[in-house]
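So you know, we letter chains A, B, ... as the sequences are listed, proteins then strands, and number each from 1. Just so it is clear, the structure is predicted and the values come from calculations on it, not from any experiment.
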Number of protein chains: 2
Amino acid sequence: MSGKVTMKELSKSLNLSVSTISKALNNSPEISEATVNKVKEFAALNNYIPNMAARNLKVGQCKTIGVVLPTISTPFFSSVLEGIESLAVSNGYRIILCLSNELLEKEKASIQKLLETQIDGLIISPSRETKKSNDVGHLSKLKAFKIPVVTFDRRVGDIDCDTITTDEELKAELAIFNLERAGCNKIIFLADTLDLAIYDSRKIGYENAMLSLGLHPMIIEYQNRFPNKHLKRLLESKSIDGILACTEQSAIEVMSFILKNGFSIPHDVSVIGFNNSSLGKTFWPSLSSIDLKPKEQGNLAIETLMDRINGLLPVGNINYQLHSEIIQRQSTRTFF
Amino acid sequence: MSGKVTMKELSKSLNLSVSTISKALNNSPEISEATVNKVKEFAALNNYIPNMAARNLKVGQCKTIGVVLPTISTPFFSSVLEGIESLAVSNGYRIILCLSNELLEKEKASIQKLLETQIDGLIISPSRETKKSNDVGHLSKLKAFKIPVVTFDRRVGDIDCDTITTDEELKAELAIFNLERAGCNKIIFLADTLDLAIYDSRKIGYENAMLSLGLHPMIIEYQNRFPNKHLKRLLESKSIDGILACTEQSAIEVMSFILKNGFSIPHDVSVIGFNNSSLGKTFWPSLSSIDLKPKEQGNLAIETLMDRINGLLPVGNINYQLHSEIIQRQSTRTFF
DNA sequence: CTGAAAGCGCTTACAG
DNA sequence: CTGAAAGCGCTTACAG
């Protein structure tokens, strides 16, 4: 901490009680304007800074919300975080950030820590391991401590909390319909094995569309790195003319791979991905993408949480579903 | 906060004093093993969670460090943050995150807030406005409160603190030498006007190299968006064969622009940028880049800060300079 | 080995 | 309008 001035010291110097100092600093109507001014001036002069930790201890809330994210190194999560941060501070809350690195144990440890250091609420997008294991005890336990939680984007089993999701399943379906109308009928779903574990609804949307179009669904998984021999063979035998990539990263990777192998986009194959960051926008050809509205998810998450904290929401959980949006760019053929 | 169990309640239930409870929970050797175990078991059974805020108030440190960043939506800053976060939590510190959005006022407000809510130290990369205005009063004032600060990457005038920087100037120079050896001699320095305001050392490195090679330095600035007519004219008249782009973003943008206009990379023009994220790696052709070691910067920043907090560092400021690294990829011609 | 007391920096009934 | 007292949940000399 520091050698900071306290109310006690102010009170001594000014020959006033600590109570009076406190009230004056907090603009209590009990205190005369004269002393309010006197106290404030003197406090400012002496660089007095209130100790909010002490205040919080007394008052019983901390104006702090915990944010635990699987990672921060994707444009998606960093945008969400920006959305959370801006609204949080403008409402007087501060953010304490924890990264789970997609690990269940680190997520648990983070939450334990947050509990100890006091939070008014929690925003979380569960880790891959959490989602897979469906081990959510550490999350549901927050209920017992009366700490509201809201999840966003990823959704896990049975935790009793407010949730933010998108209609990505629907939009995945729609994206396939669009590709088909533009003349594609050999459309694959491409995913890093790890992503596949999380984004099942994107896959479901794809499969539904393919089935209802009478087309044959085909999932291609890869582990970490391109090049992928299987994919290369498919390209060379012209067995692919469209790709729905599970993430923006994999979309960019597959586009690079296609170009590197001498095929053209979208002439030979159309590509569309998820997450509409500047990454795909500046790629050449620019990437068509399903915009998951990260900033909006962040904003909505923090708004919901604050409303919940302030008792402004009805009992029972709210499940917001945001509309994602298909952004048409150069990587997909167009139809008329 | 919550309906949490406190030591007082434990003490009542167990018929022990609060002091004993506290000592038992903290493994004090004063207390018999028997009661230590009894207390711990009972605490666990009742989901006791220590209130660290209260503890901190008493003990006078808060194990909290403030991190204020201009933005989080570039791979550079998100990597730094990951570097900070991981080491912080493994050392028992938590991170409270503030974004300045490159604005002086928001930076000032963040620091004021951090001061109020108590921090043991601060890591900051100053905003563009801070750097331009050189208004650093809000930063130097922390010294008076005995709160150590460390800056990274960007460096501003005269604040009395530890700093982390890289040898980017040197590596910019070296990059130009490499381009020249590979046969380029019409090399421009490309920057978004806003970036130019911050990254002067990159420009200086460029200019030094050009001058010492007897080449004509040429800075091209643009505002926010491509396409840039000036640049197009230069391309078409073959007056450019190399580009050092001030950031990764501008490197990617200019590469897209070049490709879009039918020129080839690196055959017609070589491009090299700063910040070596996966963005440039997956672009096709992949981007040669100067790796600014963001994770290392983050690690070093937090390590330095913790050492400073713990009084492990000598008086006087430390200025670490990390070695950045030129990564050769497909966007630059090679030499033998 | 256990406990009573004081105190961290604040707020807030309650009295005067 | 001002102040004394109690207390938020802890820790830590000090006494027994």
Indicate, yes or no, whether a donor-acceptor pair under 3.5 Å links the base of [N] to the side chain of [X].
X	N	answer
B:K23	C:dG3	yes
A:K58	D:dG7	yes
B:S19	C:dA4	yes

Is any NZ, NE, NH1 or NH2 atom of the basic residue among B:R154 and B:E102 found under 4.0 Å from an Asp or Glu carboxylate oxygen of the other?
->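 Looking at B:R154 and B:E102, the cut-off is met.
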Just call it for A:S22: base, sugar-phosphate, or nothing, with non-hydrogen atoms closer than 4.0 Å on any strand.
->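 Since a base atom lies under 4.0 Å of A:S22, the category is base.
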Looking across every strand, which nucleic acid part, if any, lies under 4.0 Å from B:I49 by heavy atom: base, sugar-phosphate, or nothing?
->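 The residue B:I49 makes sugar-phosphate contact but no base contact.
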On DNA chain C, check which nucleotide each of A:E30 and A:P50 is closest to and give me the residue with the more 5' one.
->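 Nearest nucleotide further toward 5': that of A:P50.
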Contact nearer the 5' end of DNA chain C, comparing A:R55 with B:T35 =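 Checking each residue's closest nucleotide, the 5'-ward one belongs to B:T35.
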[options]: which one has an atom nearest the side-chain heavy atoms of [X]?
X	options	answer
B:T20	C:dT2, D:dT11, D:dC10	C:dT2
A:L16	D:dT2, D:dC10, C:dC1	D:dT2
B:S17	C:dG3, C:dT11, C:dC1	C:dG3
A:L57	D:dG3, C:dC8, D:dC8	D:dC8
B:V18	D:dT11, C:dT12, C:dC10	D:dT11

Mate of C:dA4 where both pairing distances stay under 3.5 Å, Watson-Crick or G-U =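 Base partner found: none.
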Side chain to side chain contact (heavy atoms under 4.5 Å, CB included) partner of B:M7, chosen from B:N51, B:T20, B:L16, B:V18 =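 Going through the options one by one, the only one that passes is B:V18.
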Indicate whether the side chain of B:T165 and that of B:T163 have a donor and an acceptor atom separated by less than 3.5 Å.
->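 Side chains of B:T165 and B:T163: no pair found under 3.5 Å.
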Do any N or O atoms from the side chain of B:E129 and from the backbone of B:L103 form a donor-acceptor pair under 3.5 angstrom?
->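 Checking the backbone N and O of B:L103 against the side chain of B:E129, no donor-acceptor pair under 3.5 Å is found.
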Heavy-atom donor-acceptor pair, A:D135 side chain to A:T130 backbone, under 3.5 Å =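 No, because the side chain of A:D135 does not come within donor-acceptor range (under 3.5 Å) of the backbone of A:T130.
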Derivation and outcome, side chain to side chain contact (heavy atoms under 4.5 Å, CB included), residues B:K295 and B:E82 | CA-CA 7 Å; B:K295 194 146 282 177; B:E82 288 199 325; 3.2 Å; yes
Let me know the distance between [atom1] of [X] and [atom2] of [N], rounded to the nearest Å.
X	N	atom1	atom2	value
A:M7	D:dG3	CE	P	14 Å
B:L25	D:dG9	CG	C1'	12 Å
B:K63	D:dT11	NZ	P	14 Å
A:K38	D:dC1	NZ	P	14 Å
A:K8	C:dC8	NZ	P	4 Å
B:K12	C:dA4	NZ	P	13 Å
B:N51	C:dG9	CG	P	16 Å
A:Q61	D:dC8	CD	P	17 Å

Determine: side-chain N/O of A:Y48 to OP1/OP2 of C:dG9, distance under 4.0 Å, yes or no.
->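 So the side chain of A:Y48 is outside the cut-off, no N or O lying under 4.0 Å from OP1 or OP2 of C:dG9.
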Report yes if at least one side-chain N or O of A:N56 is closer than 4.0 Å to OP1 or OP2 of D:dC8; otherwise report no.
->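 No, A:N56 has no side-chain N/O under 4.0 Å of OP1/OP2 on D:dC8.
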